[in-house]
Amino acid sequence: SIVVSLLGTWVSLSKLRIPTITGFPITPSTTGVANVTVNSTVSINCNMTTCNVFFRSQNPGDVNDTMDNAPLPFNLSNDGSVRVNITVAKSANLFQGTGADTGLFQMNATCACAASRCCGNWTNITASSWNSNFIDITTGAKQIIDRLNFTDGSDSVRIEIRIQVPNDELSGTRSSTLTFTATVGE
């Protein structure tokens with residue numbers, strides 16, 4: 001009965017013009033291509049414990065900065081998937097006295113990770129904005145970081161702030177919002 005069944009199957013397949021069943025493919029081989037597009041993500045994050053810099057009470061003529069971690073500086077990290085350029089701009093002058101913040105409200109950028117490669121290339125940054133030299137913070141966006149790395153452990157930068165209260169500053173609470181903007185750093 002098995003022989004009759006196999007013979008019947010062979011006859012049926014022959015009449016349907018299906019080639020002989022061998023277990024081998026009809027063509028020797030075929031290829032396929034898998035494509036994927038990985039999107040880039042531009043994202044910077046300010047560590048929540050260092051998103052606000054509070055200098056507390058100061059007197060006219062006082063100078064204070066975040067270099068001693070009292071108060072803490074801004075700490076930005078690149079949480080995206082590409083290197084980023086970062087600009088900073090202030091919302092308004094911090095002080096109302098003479099000078100409109102020139103030399104009175106300043107910042108610098110300092111690598112916040114142990115690896116020297118973390119901060120990327122600084123070719124577009126003047127030497128005065130790096131390490132212990134402070135530059136004025138302006139209302140117009142100013143690029144402060146060029147190609148900050150995105151690799152975990154190599155993707156953080158400290159934004160140090162320095163203030164000098166003008167001698168003719170009136171009493172009262174002062175504030176200025178700093179906006180950090182990231183763009184793809186190619």
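Quantities reported herein were computed from a predicted structural model and do not represent experimental measurements.
Side-chain atoms of N64 and R162, non-hydrogen and from C-beta on, never get closer than 4.5 Å to each other. Side-chain atoms of D62 and Q164, non-hydrogen and from C-beta on, never get closer than 4.5 Å to each other. Taking the side chain as every heavy atom from C-beta outward, I159 and L76 approach each other to under 4.5 Å. Looking only at side-chain heavy atoms (C-beta outward), I145 and V84 stay at 4.5 Å or farther from each other. Annotation: side chain of F55 is in contact with side chain of T66 (closest heavy-atom distance under 4.5 Å). Looking at M107 and I135, their side chains come closer than 4.5 Å, going by heavy atoms from C-beta outward. In this structure the side chain of L178 reaches within 4.5 angstrom of the side chain of I161, judged on heavy atoms. In this structure, N35 and V33 have side chains that are in contact, with non-hydrogen atoms separated by less than 4.5 Å.
In terms of modelled atom types and a separation under 3.5 Å, the side chain of N45 and the main chain of D79 share no donor-acceptor contact. Between the side chain of N93 and the backbone N or O of F95 there is no donor-acceptor pair closer than 3.5 Å. The main-chain N or O of R147 is found under 3.5 Å from a side-chain atom of N85 such that the two form a donor-acceptor pair. Side chain of R83 to main chain of D146: no donor-acceptor pair is present (N/O by atom type, distance under 3.5 Å, no hydrogens or angles). Using modelled atom types, one side-chain atom of T138 and one backbone atom of G140 make a donor-acceptor pair closer than 3.5 Å. Distance alone, capped at 3.5 Å, places no donor-acceptor pair between the D136 side chain and the Q106 backbone. In this structure, the side chain of T87 does not engage the main chain of K142 through any donor-acceptor pair within 3.5 Å. No donor-acceptor pair closer than 3.5 Å links the side chain of T41 to the backbone N or O of G80. Listed for the S176 side chain is a donor-acceptor partner under 3.5 Å among the backbone atoms of A92.
Distance OG/S156 to CG/N78: 9.0 Å, rounded to 0.5 Å. F180 CZ to C51 SG: the interatomic distance, rounded to the nearest 0.5 Å, is 9.0 Å. Atom CG of residue L148 and atom CG of residue D155 lie 6.5 Å apart, to the nearest 0.5 angstrom.
Heavy-atom minimum distance, V53 versus P71: CG1-CG, 3.7 Å. Annotation for D68 and D65: closest pair OD1-O, 3.4 Å, computed over non-hydrogen atoms.
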Under the side chain to side chain contact (heavy atoms under 4.5 Å, CB included) criterion, do L104 and T102 qualify, and how do the steps go?
CA-CA 5 Å; L104 305 173; T102 302; over 6 Å; no
With side chain to side chain contact (heavy atoms under 4.5 Å, CB included) as the test, would you mind laying out the steps for T179 and V88 before giving the verdict?
CA-CA 5 Å; T179 301; V88 63; over 6 Å; no
Please step through side chain to side chain contact (heavy atoms under 4.5 Å, CB included) for the pair E169 and Q58, ending with a clear verdict.
CA-CA 11 Å; E169 189 71 17; Q58 303 289 310; over 6 Å; no
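A donor-acceptor contact under 3.5 angstrom links the side chains of N69 and R158, judged on distance only. The closest side-chain donor-acceptor pair between E160 and N108, if any, does not fall under 3.5 angstrom.
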